[in-house]
**Q** 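Got a structure for you, written out below as structure tokens; questions coming shortly.
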Amino acid sequence: MSDSKAIFLKDAAVNAADGDQRAFIRKALGGYYVNRDLQKARYRDWERARDAASLAKWSAVNDLAAVLEQFVANFERNGGVVHWARDAAEARDIILKIAADNQAKAIVKSKCMTSEEIHLNDALEKAGYGVVESDLGEFIQQLRGEAPYHFVFPCMHVKREAISELFTKHLGTAPTDSPEELTMIARRHLRQLYVDADIGITGANFLVAETGQISITENEGNARLTAALPRIHVALSGIEKVVRHLDDLSVLLPMLATAGAGQPMTCYNTLYSGPRKEGECDGPEQFHLVLLDNSRTRLLADPEQRDALHCIRCGACLNVCPIFKNIGGLAYGTTYQGPIGSVITPHLRGLKQWNHLSGASSLCGACTDACPVRIDLHHHLLHNRRNAAKEAPTLFDRVFHHGFNFVIKRPWLFAAGGRIFRATLPLLQKLPLPYMGAWMKTRDLPEAPARSFRDQWKNPDA
Amino acid sequence: MPDARSDIFARIREALKVKAPRPHLKGEPVAGKTSAAAKPWLPDGGESAEASLAILAEQLAKLKAMLIRVPDHASAAKAVAELAAAKNWKKVAYHGHPLLRPVAAALPCEAWEADASFEKQRLEGCDAGLTTCESIVAQLGAILVSSASSGGRALSILPHAHVVVAEAAQVVPDLGSALALAKARHGDQMPSMLSFITGPSRTGDIERILVLGAHGPKELYLVLVG
Amino acid sequence: MRVSLFVPCFVDQLTPQVGLATAKVLKRLGHEVEFRPAQTCCGQPSFNSGQWDVAREAAVRALGVFRGAEVVVGPSGSCVAMMRQFYPELLKGTPHAAEADDLAARTFEFSEFLVKKLGVTDVGAKFAKKVTYHDGCHALRELRLKEEPRRLLRAVKGLELIETEEGETCCGFGGLFSAKFPMISTAMAQVKGGALARTGADYVVSSDPSCLLQIGGWLSREGKPILPLHIAEVLAADA
Ligand code: SF4
């Protein structure tokens, strides 16, 4: 068993048994469901809008080289500098070098999952920079020394009392149980940090090829401030974020907000096309964009699952996922949690180590229905399982399924086996058998009937 | 060793040798430019100016943004002055736009034209930022500001309140129209920042409970002339 | 019509009454019903475990079993989804592809068959109980059945249908998932079972016997006073 699997099984079991936490997460998501449905109802045809969103992404991803080239040419024409990173280490080095070249000291970051993916904060801190996460949820997680629980709602699992304690400990503020007051504490604390920072680091939600702009979606205004006040703006993005046309955003931005947060649009959707231009009174002097592969091209090379690169990271699939809601986001041990994380992590970080995430699903399909860009999420979990069975078969599975197949190939053996199974079921239930023992721990089986369906059909009156 | 850029492009070209089918669609395949074709499926932005204004008012109310409708520019200046008095604003920073100078002049408090010499610290100390905008999207209640129309990047985000003065004619039905308008207006000389502002800054990070004014303005006012 | 019954393997062995009830309703509606005893398991356990080569064998066998059948009707959204959605995927690009598509077009889930294919909603059943309905995920999301079973239930004399919270939430069965990840599966059963028990219904009815195994197993262990029942059994009831 891989380490990641052992840790997953342990954490998932503990969390799944934590009824309080589960109720807390459900309550937290309650308002989201209501708002999402209200906003979806405003669409004149949500299903067809999903078609358009998925086509916009499909069309860019399947012509990625040309679309990226167009984007980069326009981005550079606008005065930005593009850097390419094959993997996480290269991306970190690029950003460290930008910081060193500019004698930076303080760095402020707005929410960026790609930076979590490359463990940027650790690298910057080790190199001696002060790094502060400015998104409230990320700020709280940074103080907690914990990875984000949900890639859109990073600290949705933390109760306000814990946040109050955290702030008292780190910021010396008086305890309070008001979310409003807690938010204001963070606001006051972070304001000066934007003003003082040399570098602002953001992510990017979309790269617009037609215009060379990057689009950033947020609610708090921290990304706006991060890209406005420091003298250098560094954006970090996966190469798959590119779209062809500016107009594609007329579909993608509202759908991202509705699917992910139950909003018509998030508060701020901002397009950046370079550093401060002549005649503009503020804005950074330099604008860098780091474009990251980090195994995305591996996923691209799989036509069956290529659509996973359409993901706009809205988080909708997590919000409806019964697995996520029961085990929580941290148990996954991945940058991207929930269904999309279970689909892509085996591609990004190795099938052998991460396939258990594809197994940990009842394949209910709620994620696929929720996805605004129609990624075939739960079927991809099946594809991962198939690929894993081929690449790294487990002996138990092979024996079990071939054995089962041996029986079901032979109807007489199936019938005879069934008879024995039914007759010995009361005994079997008491034995510590694999699978069955696990079932019996929390659930009963129906009493075995004396005669099977096929027997009764053949001999109705016996 | 080849540089990262050529390596990544080589990987992409290699990966795309095998084509992926178009995604499963619910409806008939959409012809031509997909996103434009999506217009009739997205939320309604109104077929007439009047309908758009009604939708805008409704959206802004839901977003907890304040819409103040006034008949002319003189009343706009008066409305903003009243607002400043009611809110007890001490310092208001404004964008030096011909539409805004008379509004600023009528303010009952200190008014600072933030364009000329920009100081972050001074702006941080302002109670409100006063800007114009590029357009207003009825469909979503979104106001498009830019580094050109709002005096740079910070003026519309750093002060605690944001006041936008605009003409009713700037209201467009939907997001697609606003994007098209920006493209038509700026061509390949886009302002370095274009930002759709949809309500006052907010967060739900603590127990998913909505709090306004996370980092950006807590209050957003749209003063619409005409 | 001549209906060939597709009785899932565990229904055959553990809940034969579901198969019998299915046949009873179809016969009552005047159809001829056959059961081809060469059928065993559709191969879904292996398919879901990634053992597609094994599942492919099962699929090819099923094609043989049901060759020539006018329509195939199964009382399980999950097993029918296997035949209808996943056989074509499994056999794509093999010599069996065309036959898999053909079988898929002739295979129906029981409630779907009654409502969509036969256009029947009132099968003449009487069942004076309070019931709530559980949508199996495969029926709901692979086969897109939601209204069909409800229309059938609403037409049953004396029956009171109550909707539940967590209506579209998975029960946590997921085949071998329920045993490979028992803690997660149990947590899901608690959420689902808890909501079902709170409805105050006498029975939780579903068109998916596998969900009923999970839900019923948990309800029974927890001593909740609500019993699992397959929709075919409700529709077969006439007293
Ligand atoms: S997979 Fe789909 S639903 Fe999940 S985060 Fe990505 S876009 Fe959203």
Side-chain angles (χ1 to χ4, degrees), chain A residues 9 12-13 16-17 19 22 26 322-323 325-327 359-366 368-369 378 382 384-390 397-398 400-402 404-405 407-411 414-415 418 421-422 434-436 438-439 441-446 448-449 451-458, chain C residues 7 9 11-20 23 35 37-41 43 45-52 54 57-58 61 86 89 137-138 140-142 168-191 213-214 216-218 220-221:
Chain A
L9 286 176
R22 189 200 302 160
R26 268 165 208 277
I323 311 293
K325 287 195 278 179
N326 283 312
I327 67 172
S361 164
S362 61
L363 303 172
C364 77
T368 305
D369 271 9
H378 72 297
L382 277 167
N384 280 345
R385 294 182 190 185
R386 178 203 57 206
N387 296 346
K390 251 194 252 158
D397 265 1
R398 281 318 265 174
F400 182 88
H401 290 283
H402 280 277
F404 184 62
N405 192 34
V407 175
I408 64 172
K409 248 185 194 159
R410 298 168 175 80
F414 174 77
F421 173 73
R422 278 179 282 118
Y435 292 2
M436 195 148 147
W439 169 281
K441 228 169 145 183
T442 53
R443 291 150 290 188
D444 294 332
L445 275 174
R451 298 172 68 220
S452 67
F453 172 81
R454 61 185 66 229
D455 289 346
Q456 298 190 49
W457 184 265
K458 206 158 114 198
Chain C
V7 178
C9 55
V11 169
D12 180 26
Q13 295 299 323
L14 284 177
T15 52
Q17 68 279 10
V18 171
L20 294 168
F35 173 75
Q39 62 182 281
T40 54
C41 169
S46 305
F47 178 72
N48 283 353
S49 300
Q51 310 285 332
W52 285 25
V54 176
E57 278 186 43
R61 269 199 315 277
F86 299 120
E89 176 163 1
C137 296
H138 275 105
L140 186 65
R141 300 199 184 86
E142 301 289 353
E168 298 196 346
T169 303
C170 176
C171 69
F173 179 64
L176 289 171
F177 163 80
S178 63
K180 285 185 179 170
F181 297 92
M183 290 306 285
I184 307 177
S185 171
T186 299
M188 290 162 77
Q190 286 168 351
V191 169
L213 213 58
Q214 158 92 347
W218 183 81
S220 151
R221 180 64 59 92

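Throughout, a chain's letter reflects where its sequence line sits, starting with A, and its residues are numbered from 1.
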**Q** Work out which heavy atom in A:Ser362 is nearest to a heavy atom in A:Ile323; give both atom names and the distance.
**A**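 Between these two residues, the closest heavy atoms are N-CD1, 4.2 Å.
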
**Q** With a 4.5 angstrom heavy-atom cut-off, which part of A:Leu382 approaches chain C: side chain, backbone, both or neither?
**A**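 Both the backbone and the side chain of A:Leu382 come within 4.5 Å of chain C.
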
**Q** Shorter than 4.5 Å, heavy atoms on both sides: which option in C:Ala189, C:Gly172, C:Pro45 has the most such pairs with chain A?
**A**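 If we count pairs closer than 4.5 Å to chain A, C:Pro45 comes out on top.
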
**Q** Relative to chain A, which of C:Gln214, C:Gln17, C:Gln190 shows the most heavy atom pairs under 4.5 Å?
**A**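 Option with the top pair count is C:Gln214.
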
**Q** Given that the side chain runs from C-beta out, which part of A:Arg22 has a heavy atom under 4.5 Å from chain C: side chain, backbone, both or neither?
**A**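 For A:Arg22, side-chain heavy atoms alone lie under 4.5 Å from chain C.
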
**Q** Out of C:Thr15, C:Leu20, C:Leu140, which one racks up the most heavy-atom pairs below 4.5 Å with chain A?
**A**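 Top count of heavy-atom pairs under 4.5 Å with chain A: C:Leu20.
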
**Q** Would A:Arg385 and A:Asp397 count as a salt bridge (charged side-chain N to carboxylate O under 4.0 Å, His left out) if you check the C-alpha gap in whole Å, the side-chain angles of each, and the deciding distance to 0.1 Å?
**A** CA-CA 11 Å; A:Arg385 294 182 190 185; A:Asp397 265 1; over 6 Å; no

**Q** Heavy-atom cut-off 4.5 Å, strictly under: side chain, backbone, both or neither for A:Arg454 against chain C?
**A**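 Looking at A:Arg454, backbone and side chain both touch chain C.
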
**Q** Any heavy-atom pair between the side chains of A:Lys441 and C:Pro182 that's under 4.5 Å?
**A**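 Counting from C-beta outward, C:Pro182 and A:Lys441 never come under 4.5 Å.
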
**Q** Testing the 3.5 Å rule here: is there a donor-acceptor pair between the side chains of C:Gln51 and A:Arg398?
**A**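 Yes.
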
**Q** Could you report the tightest heavy-atom contact between C:Val11 and C:Gly19, atom names first, then the distance?
**A**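 That closest heavy-atom pairing would be CG1-N, 3.9 Å.
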
**Q** Say whether A:His402 and C:Glu57, considering side chains only, have a donor N or O and an acceptor N or O under 3.5 Å apart.
**A**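 Distance-only check fails for A:His402 and C:Glu57.
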
**Q** When only pairs under 4.5 Å are counted, which of C:Val7, C:Asn48, C:Thr169 shares the most heavy-atom pairs with chain A?
**A**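 Most heavy-atom pairs under 4.5 Å with chain A: C:Asn48.
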
**Q** Of all the heavy-atom pairs spanning C:Gly50 and A:Ala389, show the shortest one and how long it is.
**A**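 Answer, listing the atom of C:Gly50 first, then A:Ala389: O-CB, 3.2 Å.
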
**Q** I need the residue from C:Ala23, C:Gly174, C:Ala187 with the largest number of non-hydrogen atom pairs under 4.5 Å to chain A.
**A**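 Going by pairs under 4.5 Å, I would pick C:Ala187.
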
**Q** Using non-hydrogen atoms only, which part of A:Tyr435 is less than 4.5 Å away from chain C: side chain, backbone, both, or neither?
**A**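 Both backbone and side chain.
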
**Q** With a 4.5 angstrom heavy-atom cut-off, is it the side chain or the backbone of C:Glu89 that approaches chain A, or both, or neither?
**A**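 The answer is the side chain of C:Glu89.
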
**Q** Which region of A:Ala366, side chain (C-beta onward) or backbone (N, CA, C, O), has a non-hydrogen atom less than 4.5 Å from a non-hydrogen atom of chain C, or is it both or neither?
**A**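 Backbone plus side chain of A:Ala366, per the 4.5 Å heavy-atom cut-off to chain C.
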
**Q** List the steps and the verdict of side chain to side chain donor-acceptor pair (under 3.5 Å) for A:Arg443 and C:Ser178.
**A** CA-CA 10 Å; A:Arg443 291 150 290 188; C:Ser178 63; 4.5 Å; no

**Q** Using a cut-off of under 4.5 Å for heavy-atom pairs, which of C:Phe47, C:Phe173, C:Phe86, C:Trp52 has the most such pairs with chain A?
**A**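 When all of C:Phe47, C:Phe173, C:Phe86, C:Trp52 are compared, C:Trp52 has the most.
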
**Q** Going by distance alone, is a donor N or O of one side chain under 3.5 Å from an acceptor N or O of the other, for C:Thr40 and C:Arg61?
**A**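 Side-chain D/A pair, C:Thr40 to C:Arg61: absent.
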
**Q** Measure distances from C:Cys9 to the heavy atoms of chain A and classify the residue's part below 4.5 Å as side chain, backbone, both or neither.
**A**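 Both parts, heavy atoms under 4.5 Å.
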
**Q** Under a 4.5 Å heavy-atom cut-off, does chain C meet the side chain of A:Ser361, its backbone, both or neither?
**A**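 Looking at A:Ser361, just its backbone touches chain C.
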
